[in-house]
Amino acid sequence: MKAKVIVTLKKSILDPQGSAVERSLKTMGYPVDSVRIGKFMEVTLAEANKAKAEEVMDEICRKLLANPVIEDYFFELEG
Amino acid sequence: MKAKVIVTLKKSILDPQGSAVERSLKTMGYPVDSVRIGKFMEVTLAEANKAKAEEVMDEICRKLLANPVIEDYFFELEG
Amino acid sequence: MKIGIVRFPGSNCDIDCLEAWRVMGEEPKLIWHQETSVQGFDLIVLPGGFSYGDYLRTGAIARFSPIMNDVIRFAKEGGLVWGICNGFQILTECGLLPGALLRNAGLHFICSPQYLRVENNKLAFTNCYEQGQVIQIPISHGEGNYTIDDDGLKALQDNGQIVFRYVTPEGEASAEGNPNGSRDNIAGIVNKKGNVLGMMPHPERVVEEITGGVDGKGMFLSILKAWEGRV
Amino acid sequence: MEPRVWREMGLTDEEYNRILELLGREPNILEVGIFAVMWSEHCSYKTSKPILKKFPTEGPQVLQGPGENAGIVDIGDNLAVVFKMESHNHPSAIEPYQGAATGVGGILRDIFTMGARPIAVLDALRFGPLEEEHNKYLLSGVVAGIGGYGNSIGIPTVGGDVYFHKSYSGNPLVNAMAVGLLRHENIAKGVAKGEGNPVMVIGARTGRDGIHGATFASVELSEESEAKRSAVQVGDPFMEKLLMEACLELIEADALVGIQDMGAAGLTSSAVEMAGRGNSGIELELSLVPRRETGMTPYEIMLSESQERMLVVPKAGREKEVEEVLNRWGLEAAVIGRVTNDGLLRVLEDGKLVAEIPVKALTEEAPVYYRPAAEPAYYQELKSKCFDSLELKGTAEEVFLALISNPTIASKEWIYRQYDHQVGTNTVVLPGGDAAVLRIRGTKKGIALTTDCNSRYVYLDPYLGGALAVVEAAQNIACVGAKPLAITDCLNFGNPEKPEIFWQFEQACAGVAEACRVLGTPVTGGNVSFYNETSGAAIYPTPMIGMVGLIEDLSQILGNTFRSEGEQIYLLGELEGELSGSEYLAQLENMEAGKLPELDLQEIKRRIDFLLELNKQGILLSAHDVSEGGLAVALAEMTVKYGATVNIKGSNQLKKLFGERLGRIIISISAQNAPKLEASAKDAGIPLVHLGESGGNTLKVMFNETCCLNVPLATYRPLFEQAIANRMNSKA
Ligand SMILES: Nc1ncnc2c1ncn2[C@@H]1O[C@H](COP(=O)(O)OP(=O)(O)O)[C@@H](O)[C@H]1O
Ligand SMILES: [Mg+2]
């Protein structure tokens, strides 16, 4: 089973990367208002049971993939 | 209009960060086969026309957000 | 020699390059990234550092600085361009050099002395070294893991475009001598024409005995020699 | 107002009553918030002030003592060194990468706000044992964060120190020291004066980051502290690099009356402190403050700790110039108020008054506490333990190998390899030496830098331990051939409301003060970090010392390794150390106890002077102080390319090989110069013991003619070099 995980910085947390990209896109003349940058991860699980996979993924995200102090996460299971 | 962009390393490119996460998840005892890490970006565009936004986003991705030598990208427009 | 050192926001080895050239008796000029012309220069240096914070990807944003259009023109017309560390990353991002630089295999930033082997001493940048000479030049980067596809690698090898390889103290280009996972131990490459060189190690840090040796001096001397020969 | 409000902000009921008295009315919530941060321990030093007063702060070399953003010492040639150390312990405990990164960012702002270009960073770190996963996580995050910020902004991280001890589990120490260089005429001050002068905020926009960080730094860590945090501060070294260049340009152009970074308590503390120093008032219009987020309240704007911002007071009429410079560096500048002469902090939002407080009420009138001190019960008990009859545990060789693989003693290369320690191309002695040395371009001079503190010593005897931290720093400076100049400190302790902790603090500071007085190294500034406790258990008291030294002629730099065969090895000082408080006792006997050896500061001073004098004569080949692990470990540190054979005579092999006693320095010298050395030592009355000779590829120790240790370099060097890497499961 595959999981796609998206990890984003919490709204109130400064995103220097995103701001730098935003500024340069603006300078390049693109109609951009804002850019926020996060992570995308693909995790292949050796677990066929969806409910179990769900549980595992949630734990993995909390423990390792995201830093709950500054980040939010969201994942989706497939296949 | 908002775009969600996903940038991933090409399959042929090694992903040491993903491998490191994979290894530590395995060590922690999780049923994980593989992990690949990419980027997730949210771009807010000052462009209401969907077709135009599509064009802009594609250009932005090609030019800046992804490096075609090592990365693939994918985006989706919303709202 | 008229030497220009491009100063991007976030460059931090710009002054180091300037001082290194001063040691060689030259007086380079700093070129602000918002300028649009490199007319009149004999050599353009893209220095190390963290241009635009190295956010997104190293070198990705700097490559769109106004000055870069003219640096690309200058390079295409055969002008000497020397990218060190972040400069190398910018050169791959803007397509003047093939391949890309990924995060170090060990995932850590590494600042350390490093042995290199000179793989091509026929260049304007390396003519003062012996072919196969082992020199020590420090590295200092988090993303110096050079990658290129098979065909690209073959082309580099066939054309003598690999200029420096990471090696052990004994001069072996083995996994043990490779600090960051670079393909084929590549530490520096040159374009086909031989006028655009990119390298991760920092020769400008080793031009004075007091600060760690003089193994980098050869590059500066080579460039001066090549330039004098041309005039 | 409900008591809950001020109590949650960290004010006591008496403090609230004092506010009522000072204002003559009830404060509103914003005003309480302003008082709370300004009167927090972090900003007001209300508990430590009476003690810090006892530090010697003057000397002919001191251009700026405590009170400004950083201290300044003269190094001649119209040049001066600016330096300061600061803690970021609590933020690093919660988010190690960002906590450490913003610690570096903050201390660098303290340096360039003085008009100096930063030239070096040092990091003094303390973690719990690496056997615990969480401590590994903290170490790797903190190191990555320090590197992430320093490397990117392009200031070399050239030194520091690291200890591992269980008292730091859950409460790591992350102290960063920054050093800058300036010409005398460029000294800038954090002052607001001149009625009508504009007040501008420059750099990053203000967001809801780290509100109440200053208060937060002044409480013990608990489950709730995480929840109290509004948002963790994220560092942006790129922004700071631009801000630094812009600020230095403005100072060079002499466009400013005053400048100050916005650190803890953000706009509030910078405005109040600047007005306080200038005996002025300040009026702020919050609607003019550039913001990152919408809907921010005055409270949030005043207390935000968003990073990479500075408050400046330009000379009247030069606002445009400030704006131009900032814009050229891609940054923003905004006039947000003006200097007044009524001594009030007046805060407006859209023209409406939202807070008005006399500046002096926030600064001079801040409460000062004379806390009770009480000798802790453990003190006499541990002191009474004697280890004179202890026997070596196993063979000397086994003990030796165990000690050099101990992360506290082992090479810190895994750490400093992650720091760019050469950018700027001024680093002459890289990390790994006794002190880092940077050259001063355009002169023959160099400056030497080190941080030190063995907190086990401080725990066992705070007075001696405090003095020993200074002694160790001075020795490290002298061992590279530099003369100790001055110190900065970062005083990390537990909860000072506990009399035992306050006693540790008082005693340690007295020891630091006395050592500084005798060694001639005044205190030019520093930082206090209290409440370093987890679940009620305090860290070992850790008065970190950051010292700066001057070397007049770089050709006289001393290394700390043998560089050839046949160098004659001598020990300056006593052959025997003590087991009390030693690494040996802790590691092999699992005991941390005993009475520290007596300390004669005058004698230490004489030895340092003697060492420097010998070095001036150009006859020394290397020097290295004997610290944790004793003589055997010090020798292991000196044998990198060349081994050594050493002969020791007398009784008590254990104490001679592994005992500890500061004030001892190993030196090497050519056989030809040895008689000269022996004669000088005799004349000066300095104890000197011939140990042996360098050479070969083993470290061999003979004890009373019998070989007790004979280990190939190829065996122990890798253990020493890879100890931390092995525990972190990654290559150095
Ligand atoms: N956190 C650190 N950052 C950079 N360098 C460090 C750090 N910790 C130790 N070092 C370097 O390692 C060397 C040895 O440090 P240490 O064991 O503390 O020496 P000493 O006992 O002489 O004070 C020094 O050069 C020091 O600067
Ligand atoms: Mg030392």
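Values below: every heavy atom of this structure, side chains too, minus hydrogens, waters and symmetry copies. To find a chain, count down the sequence lines: A is the first, B the second, and so on, and within it residues start at 1.
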Side chain, backbone, both or neither: which part of C:Leu102 has a non-hydrogen atom closer than 4.5 Å to chain B?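 For C:Leu102, the side chain is the part near chain B, not the backbone.
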Can you tell me which portion of C:Leu107 sits under 4.5 Å from chain B's heavy atoms? Options are side chain, backbone, both or neither.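 Looking at C:Leu107, just its side chain touches chain B.
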Worked verdict on C:Arg117 versus C:Glu172 for salt bridge (charged side-chain N to carboxylate O under 4.0 Å, His left out): CA-CA 9 Å; C:Arg117 195 170 65 204; C:Glu172 302 291 335; 5.8 Å; no
Within a strict 4.5 Å, meaning less than it, do heavy atoms of the B:Ile70 and B:Lys10 side chains meet?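 No - every pair of side-chain heavy atoms lies 4.5 Å or more apart.
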By a 4.5 Å heavy-atom criterion (distance strictly below it), what part of B:Ile13 contacts chain C: side chain, backbone, both, or neither?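 B:Ile13 touches chain C through side-chain heavy atoms alone.
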By a 4.5 Å heavy-atom criterion (distance strictly below it), what part of B:Lys63 contacts chain C: side chain, backbone, both, or neither?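 It is both, since atoms from each part get that close.
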Knowing that exactly one of C:Asn185, C:Asn180, C:Asp184 qualifies, which makes a side-chain hydrogen bond (donor to acceptor under 3.5 Å, both in side chains) with C:Tyr166?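 Answer after filtering C:Asn185, C:Asn180, C:Asp184: C:Asn180.
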Parallel, tilted or perpendicular: which one describes the rings of C:Phe164 and C:Tyr129, with boundaries at 30° and 60°?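 It falls in the perpendicular class, over 60°.
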